[in-house]
4 protein chains.
Amino acid sequence: MSTSNQATLLVSSLDRRGIVARLASFMHERGINIIQVDQSVDAEHGDFRMRMVIETEFGQTPGAQLEEELEAVARDEGLKIRVNLSQAKPKVAILCTKEPHCLQDLLQRHESGELNCTVCVVVSNHGQLASIADFFDIPFVHIPVTPDSKTASEHELKKVLEEHSVDLIVLARYMQILSADLVAEWTHRIINIHHSFLPAFAGASPYRQAHERGVKLIGATAHYVDAELDGGPIIAQDVIACSHRDSITDLARKGRDVERTTLARAVRWHTENRLMVQGDRVVVFG
Amino acid sequence: MSTSNQATLLVSSLDRRGIVARLASFMHERGINIIQVDQSVDAEHGDFRMRMVIETEFGQTPGAQLEEELEAVARDEGLKIRVNLSQAKPKVAILCTKEPHCLQDLLQRHESGELNCTVCVVVSNHGQLASIADFFDIPFVHIPVTPDSKTASEHELKKVLEEHSVDLIVLARYMQILSADLVAEWTHRIINIHHSFLPAFAGASPYRQAHERGVKLIGATAHYVDAELDGGPIIAQDVIACSHRDSITDLARKGRDVERTTLARAVRWHTENRLMVQGDRVVVFG
Amino acid sequence: MSTSNQATLLVSSLDRRGIVARLASFMHERGINIIQVDQSVDAEHGDFRMRMVIETEFGQTPGAQLEEELEAVARDEGLKIRVNLSQAKPKVAILCTKEPHCLQDLLQRHESGELNCTVCVVVSNHGQLASIADFFDIPFVHIPVTPDSKTASEHELKKVLEEHSVDLIVLARYMQILSADLVAEWTHRIINIHHSFLPAFAGASPYRQAHERGVKLIGATAHYVDAELDGGPIIAQDVIACSHRDSITDLARKGRDVERTTLARAVRWHTENRLMVQGDRVVVFG
Amino acid sequence: MSTSNQATLLVSSLDRRGIVARLASFMHERGINIIQVDQSVDAEHGDFRMRMVIETEFGQTPGAQLEEELEAVARDEGLKIRVNLSQAKPKVAILCTKEPHCLQDLLQRHESGELNCTVCVVVSNHGQLASIADFFDIPFVHIPVTPDSKTASEHELKKVLEEHSVDLIVLARYMQILSADLVAEWTHRIINIHHSFLPAFAGASPYRQAHERGVKLIGATAHYVDAELDGGPIIAQDVIACSHRDSITDLARKGRDVERTTLARAVRWHTENRLMVQGDRVVVFG
């Protein structure tokens, strides 16, 4: 796990020579230790992508200065660099509706220190899950949504997100569709869990669809939300075996286990700065 | 595995009382031992399904008589009973094109005694895989297929199937679409392996589709062939993890392992009389 | 899931003919519907084992009478029959120490109705997890254990078990070893979760052992507790991939997910009467 | 996969600053493109490890010169660098006894181009599998081994290995124990497949042991061979579910699938220079 004087760099560019050398030398000159590098090139499109974890000693180059100097390198070399200082844990809002399993799971992991983030608020269009947020001492905001109130509700949601300086929205079985505007504003910063192995069974009632089709595995998919319903870049997927004996209720029960571990994995990866979207695909750094 | 004086019964009906009792008593009266029973009721549609493995001693009720008497029970009780005597191993034809992995795998398992069947012929629209059939001493028939020859070729195929008294057709990456007539004639007796996790990525080039969509697992599906392309009842499915680093070639390599084990599992289950189609779904008896 | 007028029979015996017929006829004569049968014979030892789910209509043979009549059959045929009426959900005590993940997971599943049991008490040798039990409205009893107090503490534990008429003890990461007497008294009614793929890494600090050995998968094992430490009959096992990058802390984090799902599966199976111990092995009815 | 002007570097050292910078600059100065870097530091022991894939253009620094210059860097910086030019595919000898599945699998993958190596000879202490080697046009050498002939047989084996300039020995279910001398001479260059999830069930008859213990998963382990039987560093492991219905024969059947995929994975990783042994553990570069 990251300790306080570490930072993570996510670097992308069109493939060109010397990027590793330039950045490695940059660090070396400043006495900064490189802890981990994961770099590769997309053979098909030629995209360069790299995740670098560095460690500065106390009293060395302060974070703000480092970021500034790296920005200069980025401009100079035509790179896209995202610097994340580990002191700054991302702030997360969890949106949910009535089903408790994903919310409970995320908050439990959060409390146990598994997730490199601060969950600062839980928002729901219903009141049922308030007690779970209470148990973990996280503020709970109830924003009802009706067909008529959609715009007003989302306005209220935006205020909550601002108030808490939220960096990432996690849809933990949130049964409302966000507006195109909100989604566009939060590109690659909203993670949803869909309870099927996408692209199979997009849309409503995936377990019913799976049951009717008689599949032998059911799955869950964590993905970034974009304009197309259940169509955003896929972060993580997992499956569990099922059989003809499983009713839709059984599928839902089995599925819950996959949903929560898959969503938690995606959130952990995002908050550890292991994810980068290239085209329609998500690069997951190991 | 089944030894020579065993038989398997597959029984389906609309749910009604007393079927287990009737059949169990039937066996008991004839001194036939029940080795295994797997029976359940579909909660949704009320369908009754049962697989029963029985063991007769030598000199007892001969198979033919047993079948006749069971048919009388079936008529009487409104059941559908399929009796399979283990002496009679199903006869299998494998159809393939150019890719060797599924063919090689099935023939190796066949030779090692894993599959409860006799592979009696390999048919291909190309000549490349003849040496594999030769190696395992299985007749190889080359039936070229061109857009013009489709009907004639299928006619030839039917003759081969008849000649060898084939019970089951296995499409081991056979790259031709069978005619609706042939498919209808062989309902639930043609098994295909599709190299995706159906219903995702039906149709051509599933690995390319999977790559473009950026999925994190790729899969394979063994299914009975019916009129709709890649739409028949699903028998077995499996998946394997993949990542952004995998090219389409890597996906194909990884996928081959899943294809061959999934297809082999489906063939083994079918030939051990573990499969029953109810509606669009396949019941797999454990 | 079982509804109120269902019952489950677990039947074992030395293999002999006619058991299925006898019991199926028994049910048929009383107008009792057979919903599910899973019966097999251990090829090696000849043991017969069967799970039968039956459904009686309201006003039919009452449970007590059914049990009595089945006992007569059992005596008559030399069978061992365990009848479980679904009205009578087993009563469960969960024992834990400081780690919350298994306790929280079980109580959440219990609340959501996944587990066919009533958790009536949580017992711990420490006080930390009281708030979790509180949240789910389950009584929490704190029984400290010191080297000197072991006998007295266990005495107190027995009183709690009696008071709540407990049928099953679940050790959800309970870090105390129960006395041989208690274990003997509760044969096949104590389920433990061990955080390794047994028999590998029995004993203390399995994740440390796994790390040192450099294994590529870590696992968890749910088993009945018997006299030998981590040696009882295995109910369920699962694994998760790990790599050289995983520290012991990472292994523990990954392992927690496997521990809780594996333990939950074992508890669900036990409380749905799907488990039967034959020799050192557990039969799991599907 | 590697094309002809690529090379792979495996670099290990005690952790010190500037290694990435030094090597990246080294490449940059010579106009060599870095395709992939996977670098990390063992938090516990401070070991640095890196795999770097580079690509030189035709007419650039030739391989021999590159190796020499890198050796100078290694001496200078106290590193251990292993350079593998992709033109030089490792030469592999497969040793087997009577079971065909692993041999057949490896040779099929070899033929399909999945493995970055040249299998140049198959050696067996029995004659049965000669036809498989023949089929794939690989020389087969039969070296019988009896208790008396052990030394002479191994002498003969060494001659065969020399003759074919073998780089890697793969034990594909080879049922003989190699001498301590041979093992020492081939440290981290002999891969064995053991048919259990090590360290569980080391030694003889692991499937029998697994059956007796009643485990719910069986596994396979590919590992480097060292002095201790089934005790060398673990490269790859996998498991498959089993149940009380599986006889030892069933376990062996299921296990064969895991054995062959696990062994193939280990061989592929080794021949793609993805493996590095640090202490008792194997680093697998992704």
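Protein chains get the first letters and strands the later ones, always in sequence-line order, with residue 1 at the start of each.
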In terms of heavy-atom contacts, B/Asp238 and A/Leu217 come closest through CA-CD1, 3.8 Å

Would you check if B/His244 and A/Met276 make a side-chain contact, meaning some heavy-atom pair closer than 4.5 Å? no

Has the side chain of B/Arg245 got a donor or acceptor atom that lies under 3.5 Å from a matching backbone atom of A/Val283? no

For chain A, the option from B/Ile235, B/Asp42, B/Val41 that forms the most heavy-atom pairs under 4.5 Å: B/Ile235

Going by heavy atoms in the side chains, are B/Lys216 and A/Val284 under 4.5 Å from each other? yes

Checking an interface table here. Which of residues 218-230 of chain B come within a heavy-atom distance under 4.5 Å of chain A? B/Asp230

Work out which heavy atom in B/Val215 is nearest to a heavy atom in A/Pro199; give both atom names and the distance. CG1-CD, 4.1 Å

Who pairs with A/Gln278 by side-chain hydrogen bond (donor to acceptor under 3.5 Å, both in side chains), at least two apart in sequence or on another chain? A/Arg49

With a 4.5 angstrom heavy-atom cut-off, which part of B/Glu212 approaches chain A: side chain, backbone, both or neither? backbone

For chain B, which of A/Ala241, A/Gly279, A/Gly286, A/Gly232 has the most heavy-atom pairs under 4.5 Å? A/Gly232

Under 4.5 Å from any heavy atom of chain B, what part of A/Ser40 do you find: side chain, backbone, both or neither? side chain

Under 3.5 Å: donor-acceptor pair, side chain of A/Arg281, backbone of B/Ser243: no

